[in-house]
Amino acid sequence: MTAFPATTRIHDSLDSALARKRVVLWYDPPGEWSEAFDSYTGNGVEKRRVEGDEFASKVMIARSTGQQRFLLYIPSEKPEEKDNWLLDLLLAGHEFKADRASLDIQDAGLTLEFRDLAKQHSAFFRSMVRTQKLKEQLRSTDDASSIRLKMMAVLAGVPADIDKLLLHFLSQAEATELTLTDGVQESYGSHALEEAFWAAVATKFGYGADQPSLRDFAVSLFRSVNPLQANPSLKPHARVFLSFWKDSLSSRPAFEAWSALLADTLQIEAELADATDPQLGDDDTFEVFDRYTLHRLVQGFQADQPAATLLELIRSRRSSTWFEKHRRGYQAIEQAIELRSLLENTDLSVASLDHGLQLYVERWWRIDQAYRLCITNLRAYGQPGLMEGLKGWVENHYVNNFLLPLSDGWSDQVAKLTTWSAEALPRQQEFHARYVNPLLAKGQRMFVVISDALRYEAATELAQQLSQGKGWSTQVEALFGALPSYTQLGMACLLPGAQITINPADATVAIDGQSASGTDNRDKILKTNTNGRAKAIQAEEFLGLNSRTDGRALTKDHDLIVIFHNRIDRVGDKRDTEANTFEAVEQAFEELQAILRKIANLNGSNVVITADHGFLFQQTAVDEGDKAVFPKADALTYKNRRFAYGEEIDPAKGLKVFTAQALGYMGTWSAVFPLSLGRFPIKGSGSRFVHGGPSLQEVVVPVIKLKRERKDDSRLVEVEVLRVPAKVTTGKVPVSLFQREATSTKVLPISLRLALYAKADDTLLCEPKTLVFDSTAAEPREREQRLELLLSNAAEAYNNQTIELRFERWVAGVNDPVPDPSKTVELKLQRAFGSDFDDF
């Protein structure tokens with residue numbers, strides 16, 4: 001910090017004083033500043049040393065022009081007023097003092113009444129930089145307390161607000177031990193401001209200690225906001241401050257560190273264990289509250305508690321600071337609840353083949369999806385000790401109460417078939433005729449993305465994601481997959497051509513005599529049927545294209561671009577990686593969305609995403625009873641877990657044999673399939689992820705029709721205030737909010753933060769609350785949410801004034817919520833004196 005010579009500071013202060021007053025009197029009894037007076041050369045200022053000639057000096061000034069300025073240096077004590085010949089000049093002018101404290105307050109633009117303050121905090125004023133920063137913040141209404149607060153703010157480099165100062169020091173401290181050096185003492189001790197700091201904290205928070213410290217305050221703060229604590233030691237403003245701290249993204253890491261330290265110090269986990277049915281609500285002071293809630297949820301699920309009760313408990317934690325960290329755990333439980341509800345309300349009877357296809361496309365796929373999402377989240381969350389019981393329930397009920405009975409009922413219908421055909425769904429071989437040729441005939445460019453093993457339930461989730469603000473309109477349809485349901489055949493069925501032939505020796509497939517194996521061969525087939533205006537390309541190559549050069553050339557030269565994507569099958573179809581099948585589905589979603597972004601960059605607007613086949617999968621090991629035995633045959637030329645090709649295959653129990661003609665192909669060979677969940681024994685291959693067979697999960701093939709929207713017509717769901725009191729007469733303000741419609745692919749969820757503010761100066765008067773409005777309920781009353789806002793002690797200063805209920809919207813990637821002034825509601829704060837008394 002720069003130091004200035006005393007004489008220079010005096011001259012600058014004299015310039016400042018003479019700029020404000022015409023006459024400046026300088027009493028200097030010791031005469032120590034005589035040289036400073038002599039060397040002063042104020043522009044247009046007449047200097048006069050007054051030594052016994054007070055009257056003459058007074059006459060001289062009286063006879064001067066009104067614009068002339070005077071500096072009277074009097075090297076003696078200022079006389080009593082009754083003996084002071086210059087009293088009238090003194091009262092009308094300015095008395096200049098050259099002691100350090102007086103110089104300090106003049107440099108800061110303060111009046112003489114704050115001279116003692118400058119003396120007390122002289123170290124602060126030794127820096128002209130600090131003094132100037134303080135001067136910029138001072139107001140005429142400032143008292144000693146507010147001046148000290150601004151001095152503290154200058155030293156800390158934050159706004160002059162005790163909350164922000166506390167947040168600054170708490171965020172700087174290493175919350176590892178309670179005995180570390182105190183940042184408040186380090187910053188303010190040498191400036192004699194430490195006592196003033198804790199006095200301001202005491203006023204705002206009610207914190208008092210014989211030896212106040214940052215760590216002692218932190219202990220008091222976390223103890224006071226702990227809902228398990230009966231008698232908080234701090235004022236209600238403590239909760240407001242804690243909310244402010246948690247909501248600040250830059251300060252949240254410090255909050256989390258302090259919370260972890262003090263949860264251990266205060267033994268919160270032991271308190272929870274000893275408490276009888278603790279009601280935590282949405283309190284998120286400690287992470288252990290979310291851990292405890294998850295524990296209760298798992299116990300409640302295993303005790304068969306109602307879904308509404310469990311889901312409401314999850315909802316109460318949605319605004320928790322720790323929710324994102326435990327999001328996977330909460331979502332796993334949500335999906336387990338969904339799976340349980342679906343199983344309880346689903347009839348798995350299969351009256352016919354078409355009946356089974358129709359019901360799977362309409363609703364049964366949701367059970368496969370709930371299982372997948374539950375297992376995916378359980379594996380990502382990684383808390384086997386907590387989730388083992390829930391995971392066991394999910395695995396057991398999915399396999400034994402869904403997969404097995406559905407597969408058995410469906411297999412009964414498959415066993416009756418003489419040909420592989422259905423009326424409920426179009427054949428997979430009709431893909432080009434239905435989805436590609438009509439657009440090409442209109443001269444429109446089209447992209448087809450074939451994602452290996454993207455089964456129907458996963459495709460519906462992908463379509464929903466793409467409909468939510470991604471700029472695509474989506475429609476999901478289904479095809480009746482070819483049999484056997486494996487990649488070579490499924491891919492061939494999605495290509496144009498007249499005749500598909502299968503080599504039963506190696507399961508390879510040809511179209512009109514052209515091999516359909518590999519990208520190059522498929523490219524030849526496409527070009528043959530489109531006069532060369534089609535292109536087959538792998539997803540990795542497509543994503544690597546330069547959009548401005550290679551990408552533009554691709555779309556200029558081709559009307560049909562078919563992109564082959566392989567993530568799910570690549571992972572699932574290997575014994576070493578099949579356990580990661582569901583994670584591969586999530587990765588596939590990300591990659592497919594990247595492909596769509598690339599297509600959009602190339603101005604593509606017509607896209608279809610489909611698959612060659614689906615799959616059966618269970619996370620647990622396959623039961624011994626699901627292992628099938630290969631049938632007797634003259635020759636089994638090709639073997640797979642879910643099918644085999646051969647000659648003269650003998651029918652057997654639990655197996656279904658189709659001739660080539662029954663499947664729609666030429667040849668003397670036949671194909672045999674294990675019914676239900678059966679797997680043939682194939683050495684070295686996995687058994688949890690399989691396809692090739694006739695199960696619904698394998699042969700219901702999705703088709704997602706996408707159209708690029710010129711304008712994104714998705715919008716946030718609207719929320720209105722149902723009830724809020726016009727007058728606030730107690731410390732609790734009840735609020736009722738209503739989500740006007742159910743959320744959907746076009747009506748998106750919204751997160752709102754509510755808080756009460758003083759209209760006069762925007763002071764926060766309660767702990768803000770965040771609510772998530774994402775209900776899909778059709779019943780309006782199920783979309784109402786109620787809460788109570790608790791006034792802090794700061795509200796005492798605003799009684800009989802107008803306060804405001806304000807709404808702010810959380811936006812992804814933005815640190816602070818965005819205000820929504822259209823929803824501001826004015827209330828009158830009118831609390832009677834009786835509300836200040838506790839109940840007797």
Side-chain angles (χ1 to χ4, degrees), residues 152 156-159 161-188 194 197-198 200-202 204-209 211-229 231-272 278 280-294 317 319-326 753 764 767-770 792 815-816:
M152 290 185 272
V158 298
D161 180 278
I162 195 60
D163 285 356
K164 291 183 173 60
L165 288 170
L166 268 171
L167 188 62
H168 168 74
F169 289 115
L170 286 166
S171 298
Q172 281 190 330
E174 291 289 337
T176 53
E177 298 179 12
L178 292 177
T179 56
L180 293 177
T181 304
D182 194 298
V184 175
Q185 195 280 327
E186 286 185 337
S187 296
Y188 296 151
E194 188 177 3
F197 175 84
W198 289 117
V201 172
K204 194 76 173 282
F205 291 84
Y207 168 69
Q211 294 183 324
S213 69
L214 195 63
R215 278 145 192 84
D216 183 66
F217 171 79
V219 171
S220 297
L221 173 68
F222 278 83
R223 179 180 283 127
S224 289
V225 298
N226 178 11
L228 304 175
Q229 184 75 28
N231 298 305
S233 60
L234 300 186
K235 294 180 179 180
H237 181 72
R239 299 203 69 89
V240 178
F241 172 76
L242 201 72
S243 178
F244 173 64
W245 189 1
K246 289 182 295 188
D247 286 348
S248 170
L249 294 186
S250 59
S251 300
R252 186 175 294 171
F255 164 77
E256 293 176 358
W258 277 104
S259 176
L261 173 66
L262 293 172
D264 183 60
T265 303
L266 301 174
Q267 298 184 320
I268 301 301
E269 188 170 352
E271 275 195 73
L272 276 173
L280 300 176
D282 61 354
D283 194 288
D284 59 349
T285 307
F286 303 103
E287 184 184 358
V288 70
F289 289 171
D290 280 88
R291 294 180 181 273
Y292 177 76
T293 301
L294 284 160
R317 306 306 301 174
S319 60
S320 167
T321 299
W322 317 98
F323 185 84
E324 186 58 30
K325 182 175 181 179
H326 296 281
R753 186 172 77 166
L764 182 61
E767 176 190 6
K769 294 287 186 178
T770 295
S792 75
N815 286 359
D816 298 314

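All residue numbers refer to positions in the sequence shown, counting from 1.
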Self-check item: Spatial distance of atom CZ (Phe222) from atom OG1 (Thr285) [nearest 0.5 Å]
Solution: 7.5 Å
Quiz item: So, do Phe289 and Pro278 sit near enough that their side-chain heavy atoms are less than 4.5 Å apart?
Solution: no
Self-check item: Inter- and intrachain pairs under salt bridge (charged side-chain N to carboxylate O under 4.0 Å, His left out), touching residues 260-269, at least two apart
Solution: none
Exercise. Could you walk me through whether Leu266 and Asn226 pass side chain to side chain contact (heavy atoms under 4.5 Å, CB included), step by step?
Key: CA-CA 10 Å; Leu266 301 174; Asn226 178 11; 5.7 Å; no
Quiz item: Do Trp198 and Tyr207 make the cut of ring centroids closer than 6.0 angstrom?
Solution: yes
Quiz item: With side chains defined as the heavy atoms from C-beta onward, is the minimum distance between Leu166 and Phe217 less than 4.5 Å?
Solution: yes
Quiz item: Quick one: CD on Gln172 to CG on Leu167, what's the gap to the nearest 0.5 Å?
Solution: 10.5 Å
Quiz item: What are the two closest non-hydrogen atoms of Ala209 and Pro212, and how far apart are they?
Solution: O-CD, 3.3 Å
Quiz prompt | Min side-chain heavy-atom separation Lys164-Phe244 under 4.5 Å | solution = yes
Quiz prompt | Gap between atom CZ of Arg215 and atom CG of Leu262 - 0.5 Å precision | solution = 10.0 Å
Quiz item: Is there side-chain contact between Arg753 and Asp247, with at least one heavy-atom pair below 4.5 Å?
Solution: yes
Quiz item: Do side-chain atoms of Trp245 reach the backbone of Arg252 as a donor and acceptor pair under 3.5 angstrom?
Solution: no
Quiz item: Is there side-chain contact between Leu294 and Arg317, with heavy atoms separated by less than 4.5 Å?
Solution: no
Quiz item: About how many Å separate CG of Leu214 and CZ of Phe169, when rounded to the nearest 0.5 Å?
Solution: 8.0 Å
Quiz prompt | Between Tyr292 and Phe286, ring centroids under 6.0 Å | solution = no
Practice problem: State whether the number of non-hydrogen atoms from other residues, nucleotides or ligands found under 6.0 Å of Gln267 atom CD is greater than 12. | Solution: no
Exercise. Determine the minimum heavy-atom distance between Leu242 and Phe255, stating which atoms define it.
Key: CD1-CE1, 3.9 Å
Exercise. Give, for atom NZ of Lys246 and atom OG of Ser251, the distance between the pair rounded to the nearest 0.5 Å.
Key: 13.5 Å
Quiz prompt | Partner set under side-chain hydrogen bond (donor to acceptor under 3.5 Å, both in side chains) for Ser187, not counting sequence neighbours | solution = none
Quiz prompt | Closest approach of Leu165 to Pro159 (non-hydrogen atoms, all atoms of both residues) | solution = CG-O, 4.4 Å
Self-check item: Electrostatic pair Asp290:Lys325 at N-O distance under 4.0 angstrom
Solution: no
Quiz item: Is the backbone of Ser319 close enough, under 3.5 Å, to the side chain of Thr770 for a donor and an acceptor to pair up by distance?
Solution: no
Quiz item: Without hydrogens or angle criteria, can the side chains of Thr321 and Asp284 be said to hold a donor-acceptor pair below 3.5 Å?
Solution: yes
Exercise. Check Ser213 against Asp216 and note the closest heavy-atom contact, atom names and distance.
Key: OG-N, 3.1 Å
Practice problem: Measure the spacing between CG of Leu234 and CG of Leu221 and express it to the nearest 0.5 Å. | Solution: 6.5 Å
Quiz item: How about His237 and Asp163: do any of their side-chain heavy atoms sit closer than 4.5 Å?
Solution: yes
Quiz prompt | Residues that Arg239 engages under side-chain hydrogen bond (donor to acceptor under 3.5 Å, both in side chains), provided they are two or more places apart | solution = Asp283, Glu767
Quiz prompt | Pair Ser224-Ser233, side-chain donor/acceptor within less than 3.5 Å | solution = yes
Quiz item: Is there side-chain contact between Phe241 and Lys204, with heavy atoms separated by less than 4.5 Å?
Solution: no
Quiz item: Would you find a donor on one side and an acceptor on the other, under 3.5 Å apart, between the side chain of Tyr188 and the backbone of Phe197?
Solution: no
